[in-house]
Amino acid sequence: MVQPDGGVIGSLPRLLTSVELQSVAASNQFPPREQLLANLRNAAEQYAGDPLGLGSHLATYGHLTASQVMNAELASGKSIGLWSDNDWVRYTPLEGAGGDLFRFSLGELFSIYNQARTVNQFTQWLAETHSGPGDFLTHEEFLVLHGEPPWVVMTRALETIGLPYFFESPVASVSSEHTEPRMVDKLSGRAVRAEELGQVQMCGVTRFPRDSWISRR
């Protein structure tokens, strides 16, 4: 069982397989983000004559939201138009401007974030222990760019409406399979299914992260 702060109780996280590690070492991108990265690079070429205004162009024409541009430039410390190849890989958001919280299930949200965080942490480990490429984000940079983990946001939603549950942190994984969110009773440690909550309670749980998501975008 995993506590809200990420601590593990009574179980060990699944170890990454050699195939997964080789996949991570070969590329720290996943197909959807690879496509987004390619689209943004193509758009950047169209606005090459105005590098300092590139972020505004990307937001104006719907490639990224203004909030995504601001967070990316804040995390990188420079205008998007001045990014190097490594900067594009490190600081491109996980999704484009068309992203919508309700387009994803909780499992998809958990998985997308968990995959990106696992790859980034593994890339950092390679850089620090095996002189690998240094194109990783620090913990602070990752939070600025991608926000808090969705299981943390959902746990805060439960606390806000007074429910004594939390969502477990998923174990590190680069699997493309969606993570099944686990909600746990703080008092008994028992896993709780969403259908055990009343309809009004579930409305409160889902409304909180939606408002939080919109405020960041």
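In what follows, residues are counted from 1 in the order of the sequence shown.
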Participant: Does Leu158 reach the side chain of Met183, with side-chain heavy atoms less than 4.5 Å apart?
Facilitator: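 They are in contact (side-chain heavy atoms under 4.5 Å apart), so the answer is yes.
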Participant: Using a 3.5 Å distance criterion without hydrogens, assess whether the side chain of Asn42 forms a donor-acceptor pair with backbone atoms of Ala38.
Facilitator: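 At least one qualifying donor-acceptor pair exists.
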Participant: Search all heavy atoms of Trp88 against all heavy atoms of Leu54 and return the closest pair with its distance.
Facilitator: CZ2-CD2, 4.2 Å
Participant: Please confirm whether the backbone N or O of Ser79 pairs with a side-chain atom of Glu73, one donor and one acceptor, at under 3.5 Å?
Facilitator: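 Not a single qualifying donor-acceptor pair exists.
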Participant: Check whether any side-chain heavy atom of Asp85 lies under 4.5 Å from a side-chain heavy atom of Arg41, and answer yes or no.
Facilitator: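 Sidechains of Arg41 and Asp85: in contact.
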Participant: Should the pair Tyr113 and Trp151 be assigned to parallel (<30°), tilted (30 to 60°) or perpendicular (>60°) ring geometry?
Facilitator: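 Rings of Tyr113 and Trp151: perpendicular, as their planes differ by over 60°.
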Participant: Checking the side chain of Asn114 only, and the main-chain atoms of Val171 only, is there a donor and an acceptor separated by less than 3.5 Å?
Facilitator: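 Yes, Asn114 side chain to Val171 backbone: donor-acceptor pair under 3.5 Å.
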Participant: Using every non-hydrogen atom in the two residues, find where Phe110 and Met154 come nearest and quote the distance to one decimal.
Facilitator: CE1-CG, 4.4 Å
Participant: Determine whether Leu82 and Leu74 fall in the same hydrophobic cluster, where Ile, Leu, Val, Met, Phe, Trp and Tyr are linked whenever their side-chain heavy atoms lie under 4.5 Å apart.
Facilitator: no
Participant: Testing the 3.5 Å rule here: is there a donor-acceptor pair between the side chains of Ser84 and Asp87?
Facilitator: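 Indeed, the side chains of Ser84 and Asp87 share at least one donor-acceptor pair under 3.5 Å.
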Participant: Atom NZ of Lys186 and atom CD of Glu159: how far apart are they, to the nearest 0.5 Å?
Facilitator: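 If I round to the nearest 0.5 Å, the distance is 4.0 Å.
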Participant: Name the one of Thr155, Val184, Asp185, Leu187 that satisfies side chain to side chain contact (heavy atoms under 4.5 Å, CB included) with Tyr165?
Facilitator: Asp185
Participant: Under 4.5 Å between side-chain heavy atoms, counting indirect links through other Ile/Leu/Val/Met/Phe/Trp/Tyr residues: same cluster for Phe167 and Leu143 or not?
Facilitator: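 Yes; tracing contacts between hydrophobic side chains, which count when under 4.5 Å, links both residues.
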Participant: Say you draw a straight line from OG1 of Thr60 to OH of Tyr47; how long is it, rounded to the nearest 0.5 Å?
Facilitator: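 Reported value, rounded in 0.5 Å steps: 8.0 Å.
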Participant: Measure the CD-OG1 distance between Glu128 and Thr123 for me, rounded to the nearest 0.5 Å.
Facilitator: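 With rounding to 0.5 Å, CD (Glu128) is 11.0 Å from OG1 (Thr123).
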Participant: How are the rings of Trp83 and Tyr91 set to each other: parallel, tilted or perpendicular (split at 30° and 60°)?
Facilitator: tilted
Participant: Just verifying a value: how many Å separate Leu40 CG and Gln68 CD, rounded to the nearest 0.5 Å?
Facilitator: 9.0 Å
Participant: Can you measure from CD1 (Ile80) to CG (Leu52) and round to the nearest 0.5 angstrom?
Facilitator: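 One finds 12.0 Å between CD1 of Ile80 and CG of Leu52.
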Participant: Could you grab the distance from atom NE2 of His57 to atom CG of Leu64, nearest 0.5 Å is fine?
Facilitator: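 It comes to 13.5 Å.
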Participant: Any idea which heavy atoms bring Glu141 and Ala75 closest together, and the distance?
Facilitator: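 Minimum heavy-atom separation between Glu141 and Ala75: OE2-O, 3.8 Å.
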Participant: For the residue pair Pro150 and Leu109, what are the closest heavy atoms and their distance?
Facilitator: CG-O, 3.8 Å
Participant: Between the side chain of Thr118 and the main-chain N/O of Ser173, is any donor-acceptor distance below 3.5 Å?
Facilitator: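 Between the backbone of Ser173 and the side chain of Thr118 there is a qualifying donor-acceptor contact (under 3.5 Å).
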